[in-house]
Amino acid sequence: MTRPYDPQQIEPRWVEAWERERLYEAGGPDDPRPKFYALDMFPYPSGDLHMGHAEVFAFGDAIARFAWMRGHNVLHPIGWDAFGLPAENAAIKRGTHPKEWTYRNIDLQRASFKRYGVSFDWSRQFNTCDPEYYRWTQWLFLRLYERGLAYRKLAPANWCPKDQTVLANEQVVAGACERCGTPVVRKDLTQWFFRITEYAQALLDDMEELEGWSERVLTMQRNWIGRSEGAEVEFEIAETGERITVFTTRPDTLWGVTFFVFAPEHPSVPALADIGGVPAEVRDLLDRLQATPLTSREQAQSREGIPLGVHAINPVNGEKVPCFVAPYVLMEYGTGAVMGVPGHDQRDFEFARQHGLPVRVVIQPDGEERDAETMTEAYDHEGVMVASGPFDGTPSPGGIPRVTEWLASEGKGRPAVSYRLRDWLISRQRYWGAPIPIVHCERCGEVPVPDDRLPVELPDDVDFSPTGESPLAKHDGFVNVACPRCSGPARRDTDTMDTFVDSSWYFLRYCSPRKEDGPFETAEVARWMPADQYTGGIEHAILHLMYARFFTKALHDLGLVPFREPFTNLLNQGMVIMRGAKMSKSKGNLVEPMPLVDRWGADTIRATMMFANKPEDDIDWATVSPEGVHDWLGRVWRAAHDAAARDGADPEALRRTTHRTIEQVTALYEGFRFNVAVARLMELTNEIRAALDRGEPAREAVTALVLMAAPMTPFVAEELWREVLGGDGSVHRLGWPAFDEELARQEAATLVVQVDGKVRDTIEVSPDVTQEEAERLARDSERARRAIGDREVARVIVRPPRLVNLVTRG
RNA sequence: GCGAGAGUGGCGGAACCCGGCAGACGCGCCGGACUUAGGAUCCGGUGCCCGAAAGGGCGUGGGGGUUCGAAUCCCCCCUCUCGCACCA
């Protein structure tokens with residue numbers, strides 16, 4: 001009697017055995033097998049694993065195991081992204097220390113990962129909050145600092161009043177803090193930045209190398225960088241002679257300029273307001289804006305504005321146009337001043353209407369503008385109608401390139417490129433992060449902490465309740481320090497780094513995680529990087545992936561790594577949702593994976609995730625059920641036991657199915673089509689069952705089945721392989737089953753007789769039917785005759801292996 | 001508005017790259033077997049309509065086109081999802 005399939009009985013045993021056998025440790029430099037770096041986005045330890053983790057690591061692990069079985073030397077590491085605000089907030093709420101909370105969660109997640117059967121190389125684990133790690137985060141900061149890629153400046157920052165910290169632009173969503181949803185306000189602070197804008201063009205250009213990235217993510221990154229080509233044009237202020245530069249994508253519309261607008265924060269504004277006699281109004285506007293978020297919608301959408309009382313001289317025709325200050329012009333983009341062309345820009349048009357300014361349409365010389373004759377409609381630069389007239393018209397002497405050229409030759413402008421991307425604000429006024437390794441000395445100014453005095457350790461005894469000031473600033477023992485340069489009294493920088501800095505290089509540390517005299521071993525990094533496959537959630541499409549790409553480029557230019565892109569192939573899987581909505585405790589639709597594992601076993605939960613949908617799409621947990629997969633594994637279990645007890649070679653038909661399945665499943669794994677792969681394996685299982693029920697042997701088929709299932713359902717595969725099929729060693733070290741191409745292509749041959757595209761009959765024939773035989777069959781056989789009736793056969797199309805099409809006439 | 005992707009049974013989804021038996025595989029549902037019992041296990045059925053059956057008709061968001069043949073290729077439209085959005 002076959003023992004029943006009981007995952008709770010077999011799975012924990014293999015967790016232990018694999019660990020004992022050190023089955024998943026990556027091979028050293030002498031390993032002759034080709035390398036495969038299977039990288040999964042490391043988790044944030046905010047509790048036990050959630051459904052999202054269960055999904056990513058099911059995919060990531062299947063990819064790693066498949067690579068092992070195909071003969072690669074695999075690096076499949078794990079660590080924890082352990083610094084960050086949630087730890088601090090949770091610690092405050094629970095009256096504990098972020099460190100304690102974090103390490104406890106890491107222990108919890110580690111145990112769960114093991115129970116889940118993920119094939120990690122545990123010998124390489126680290127946490128970004130370990131001093132041995134953040135020492136090198138600080139070291140890398142200093143290298144960027146030396147290169148001028150890290151700098152400090154006073155800037156308006158996004159400030160979250162609840163979390164009491166500055167946020168990166170990327171962390172502000174619809175004017176609110178990404179984490180807590182509190183509306184963000186503007187605050188002027190001296191902040192640390194990474195000069196990611198220096199790499200804006202490289203980040204765009206090198207996308208060519210990212211062949212294994214989805215168009216979706218590339219588009220998101222492209223939008224985020226937001227490159228536009230155009231020209232800088234210089235206007236002169238009539239009253240002062242000051243030259244003000246604007247950026248425009250449409251220099252050819254300079255003839256349509258009827259006004260000029262400054263952003264409220266533009267440095268020239270206060271002086272011009274004095275001259276124009278409106279200093280109080282302008283100051284009021286600024287004060288009001290200070291109180292509102294940097295990225296607020298309403299503010300930007302209004303068309304309010306204050307006439308400055310001064311005029312700008314249009315460089316192309318010497319016209320004087322009135323100047324305004326208006327919040328719809330952003331200091332953050334372009335030069336913070338724009339020329340107003342209401343005939344060709346929606347916003348300018350609305351502004352002109354509200355302030356009673358004239359609208360003038362520029363007529364292109366080659367008649368490109370559709371309203372050239374009537375001038376009843378105005379279009380923006382994308383050909384979208386802005387408004388209907390009638391309007392004045394004025395001719396332009398040329399298109400964009402000609403006008404740009406002319407401006408340059410006259411010294412009134414130059415071709416220019418503008419990016420939406422801003423420098424990356426990395427300082428945080430919070431405790432749980434890597435301290436910025438800089439000392440401020442009264443005499444020497446900013447002084448980097450020397451490499452041999454790293455890490456700048458984060459003290460444990462800090463009052464980290466948020467007050468708006470960096471918690472570290474209240475810790476005298478931390479703050480007061482001798483200047484490394486002059487030994488005089490100095491103060492440490494008390495900000496900590498954004499956690500995205502920690503995660504911008506962790507994949508390099510994995511290559512040599514225990515290195516003590518550097519962030520990574522160059523040879524090891526060269527051996528493993530770039531990562532062959534990166535697996536993680538779509539929510540990191542912009543932030544993390546852009547920062548990691550930037551870091552890699554900067555390190556490349558510092559001569560620290562020999563490549564410019566870190567991740568060759570990227571798999572962004574969708575989310576696990578519940579009844580159409582994101583899971584959350586507050587919505588009461590939270591499902592936790594580990595209790596499911598306790599009930600069904602890890603194999604079933606993993607395979608259920610993979611079977612539910614293609615990796616990129618969301619899985620609605622309400623629409624899937626582990627039952628089907630669990631039943632399937634039970635059928636595999638029984639089939640394996642039955643087949644093992646039977647001698648003889650598999651029957652021909654089953655062999656064909658087996659080899660066809662191997663061919664298909666191999667391709668499906670390569671394309672991450674795990675859902676279909678599961679379906680094909682279920683199909684094969686059904687065939688095996690049928691053969692066994694007929695009393696036929698099926699050992700070869702079952703063996704292939706177990707091997708192919710191994711990356712997705714590692715426990716049951718290992719158990720069946722080692723304990724039932726008498727396999728030698730782990731199934732996860734075995735070669736991937738080979739398939740006989742000839743056999744795989746042979747079908748149970750049926751000719752489908754189509755008459756004018758409609759299926760009339762199916763006729764059994766030998767698998768290698770030729771055109772001649774098929775034609776003879778089509779014309780002479782009784783059945784074909786009956787199918788086509790009295791029509792005349794015009795043509796016979798044979799498409800091996802199994803289609804005969806009779807094209808009839810009349 | 002701009003950009004990307006998607007519309008197939010009661011449900012999740014196959015087949016689309018490369019046109020050739022649409023609905024693989026699973027869930028659910030229906031029926032049966034075994035059972036004191038079934039929320040266990042096994043077997044069968046299940047796109048819709050007509051029909052007892054054989055069989056027939058209709059079917060991949062809508063409309064057109066190419067083709068002997070279109071879920072698949074081309075054009076137009078509709079709907080949905082995601083990302084970006086005073087970016088000058």
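In the text below, chain A, chain B and the rest are named by the order of the sequence lines, each starting its count at 1.
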Can you list, by residue number, the residues of residues 610-620 of chain A that have a non-hydrogen atom closer than 4.0 angstrom to RNA chain B?
A:Phe611, A:Ala612, A:Asn613, A:Lys614

Taken to the nearest whole Å, CE/A:Met220 to P/B:A4 is 14 Å

Is there a side-chain polar atom (N or O) of A:Arg422 under 4.0 Å from OP1 or OP2 of B:C87?
no

Could you tell me if the ring centre of A:Tyr333 sits under 6.0 Å from that of A:Tyr419?
no

Quick note, A:Asn686 side chain, CB onward, closest among B:A88, B:G26, B:C42 is B:G26

If you measure from the P atom in B:G62 to the same atom in B:C30, how many Å do you get, rounded?
31 Å

Rounded to whole angstrom, note down the P distance from B:A22 over to B:C16.
15 Å

Over all atoms of both residues, closest heavy-atom pair of A:Lys614 and A:Asn675
N-ND2, 3.5 Å

Could you measure between the two P atoms, the one in B:C11 and the one in B:G47, and give it in whole Å?
14 Å

OP1, OP2 of B:A14 versus side-chain N and O of A:Asn675: anything below 4.0 Å?
yes

Mind checking what makes ring-ring contact (aromatic ring centres under 6.0 Å, His included) contact with A:Phe59, not counting sequence neighbours?
A:Phe674

If you compare every side-chain N and O of A:Arg222 against the phosphate oxygens of B:C84 (OP1, OP2), does one of them come in below 4.0 Å?
no

Rounded interatomic separation in angstrom, taking CG from A:Asn223 and P from B:C82:
16 Å

Judged by atom type as modelled, is there a donor-acceptor pair below 3.5 Å linking the side chain of A:His355 to the main-chain atoms of A:Leu357?
no

Sugar-phosphate, base or nothing in reach of A:Arg420, heavy atoms under 4.0 Å
base

Please report the distance separating the C1' of B:G61 from the corresponding atom of B:G5, rounded so that it comes out in whole Å.
16 Å

When both hydrogen-bonding distances must be under 3.5 Å and the geometry is Watson-Crick or G-U wobble, what is B:G5 paired with, if anything?
B:C80

Side chains of A:Glu350 and A:Gln354: is there a donor and an acceptor less than 3.5 Å apart?
no

side-chain contact (heavy atoms from CB on, under 4.5 Å) involving A:Pro7 - partner list, sequence neighbours excluded:
A:Tyr5, A:Glu11, A:His630

Quick one: label A:Val678 by what it contacts on the DNA or RNA (base, sugar-phosphate, nothing), any heavy atom closer than 4.0 Å.
nothing

Nearest listed nucleotide, side chain of A:Thr219, among B:G13, B:A88, B:A4
B:A4

Side chain of A:Tyr333: nearest nucleotide among B:C82, B:A14, B:A88?
B:A88

The nucleotide from B:C42, B:A15, B:A88 with an atom nearest the side chain of A:Arg635 is B:C42

A:Phe260 and A:Phe235: aromatic ring centres closer than 6.0 Å?
yes

Using the C1' atom as the point on both nucleotides, what is the distance between B:G19 and B:C27, in whole Å?
31 Å

Can you tell me the distance, in whole Å, between the CG atom of A:Asn572 and the C1' atom of B:G5?
14 Å

